[in-house]
Amino acid sequence: MILFAYSINKNELVHDLLCSDPDEMYFDILKECVYKYKRTKEGTKTMCEIMDNLIQKGRAEGRDEATYETSVNIAIDMLIDGLPVDFVTKYSKLPIETVLKLQNDLILE
């Protein structure tokens with residue numbers, strides 16, 4: 001939702017965007033939305049579901065990032081040990097481009 005008007009008081013808008021209590025808001029449209037999600041059973045349930053989904057997504061992304069970092073570290077160790085790029089690519093599950101970049105970075109060090 002985007003509110004845009006030349007006549008709005010920007011201080012009031014900022015206040016409403018930072019405010020968590022709908023009773024203290026100036027703009028009715030924001031007040032209604034916040035009230036719905038904070039004070040009704042359906043809205044609270046919806047917000048809990050949204051937050052649960054965001055938490056699960058964050059956890060999955062964190063696991064993916066940790067797995068990637070582990071693969072990179074393993075690939076670096078394999079390259080340092082002199083194993084061929086195709087072998088490193090196969091067992092690290094990293095794209096060949098990534099392994100070649102890692103190899104190039106090691107050469108430049």
Side-chain angles (χ1 to χ4, degrees):
M1 161 182 32
I2 297 175
L3 295 176
F4 182 82
Y6 290 105
S7 62
I8 65 171
N9 181 325
K10 291 178 184 158
N11 291 331
E12 289 176 353
L13 178 59
V14 169
H15 169 270
D16 282 4
L17 293 173
L18 297 174
C19 186
S20 60
D21 184 355
D23 294 331
E24 296 179 10
M25 294 182 155
Y26 297 106
F27 293 92
D28 289 335
I29 191 164
L30 291 174
K31 188 183 292 191
E32 290 168 16
C33 289
V34 171
Y35 182 86
K36 175 185 172 189
Y37 289 111
K38 287 192 172 270
R39 304 261 173 92
T40 66
K41 205 174 221 181
E42 177 187 309
T44 302
K45 181 181 176 196
T46 300
M47 286 307 295
C48 286
E49 290 170 356
I50 290 169
M51 290 304 297
D52 285 343
N53 289 338
L54 288 172
I55 289 167
Q56 293 303 318
K57 182 180 178 187
R59 286 181 180 154
E61 288 174 359
R63 283 190 298 271
D64 291 346
E65 187 174 321
T67 300
Y68 177 79
E69 287 179 18
T70 300
S71 294
V72 166
N73 289 332
I74 289 169
I76 289 170
D77 289 343
M78 294 170 83
L79 290 167
I80 288 171
D81 287 345
L83 296 169
V85 170
D86 59 336
F87 187 84
V88 175
T89 301
K90 179 178 179 181
Y91 292 103
S92 70
K93 306 287 192 252
L94 292 171
I96 184 99
E97 297 81 14
T98 302
V99 175
L100 289 171
K101 183 180 180 323
L102 292 171
Q103 183 182 46
N104 189 47
D105 292 347
L106 288 171
I107 291 170
L108 294 176
E109 286 183 357

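Heavy atoms only, all atoms of each residue included: C19 and E24 are closest at SG-CB, 3.8 Å. Of all heavy-atom pairs between P22 and V34, the closest is CD-CG1, 3.7 Å. Of all non-hydrogen atoms in M78 and V88, the two that sit nearest each other are CB-CG2, 3.7 Å. When all heavy atoms of S71 and S92 are compared, the closest pair comes out as OG-O, 3.4 Å. Listed here is the closest heavy atom pair of Y68 and T98: OH-CG2, 3.7 Å. Heavy-atom minimum distance, F27 versus E12: CE1-C, 3.7 Å.
Shown here is E42, whose CD atom has no more than 12 heavy atoms of other residues, nucleotides or ligands within 6.0 Å. By the 6.0 Å contact criterion, NZ on K31 is enclosed, its count of non-hydrogen atoms from other residues, nucleotides or ligands being greater than 12.
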Practice problem: Show your reasoning for whether side chain to side chain contact (heavy atoms under 4.5 Å, CB included) applies to L102 and L94. | Solution: CA-CA 11 Å; L102 292 171; L94 292 171; 4.2 Å; yes
Quiz item: side chain to side chain contact (heavy atoms under 4.5 Å, CB included) between V99 and D86: does it pass, once the steps are laid out?
Solution: CA-CA 9 Å; V99 175; D86 59 336; over 6 Å; no
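Once rounded to the nearest 0.5 Å, the distance linking OG1 of T46 with NZ of K41 reads 13.0 Å. Taking CG of L79 as the start and CG of N104 as the end, the distance is 11.0 Å to the nearest 0.5 Å. Distance CG/L13 to CE/M25: 10.0 Å, rounded to 0.5 Å. Here the CG-OG1 distance, from L83 to T89, works out to 11.5 Å after rounding to the nearest 0.5 Å. The distance from the CD atom of E65 to the OG1 atom of T70 is 10.5 Å, given to the nearest 0.5 Å. Expressed to the nearest 0.5 Å, how far NZ of K36 lies from SG of C33 amounts to 7.5 Å.
For D77, there are no side-chain hydrogen bond (donor to acceptor under 3.5 Å, both in side chains) partners two or more places apart in sequence or in a different chain.
Each of L30 and M47 belongs to its own hydrophobic cluster when Ile, Leu, Val, Met, Phe, Trp and Tyr are linked at side-chain heavy-atom distances under 4.5 angstrom. Both I76 and I96 belong to a single network of hydrophobic side chains, linked directly or stepwise wherever heavy atoms of I, L, V, M, F, W or Y lie under 4.5 Å apart. In terms of hydrophobic clustering, with Ile, Leu, Val, Met, Phe, Trp and Tyr side chains grouped at heavy-atom distances under 4.5 Å, Y26 and Y35 are assigned to different clusters.
Taking 4.0 Å as the cut-off between side-chain N and carboxylate O, R39 and D23 count as a salt-bridged pair.
Between the side chain of N73 and the backbone N or O of E69 there is at least one donor-acceptor pair closer than 3.5 Å.
Here salt bridge (Lys or Arg N to Asp or Glu O under 4.0 Å) pairs that include residues 88-107, with residues two or more places apart or in two chains, are K101-D105.
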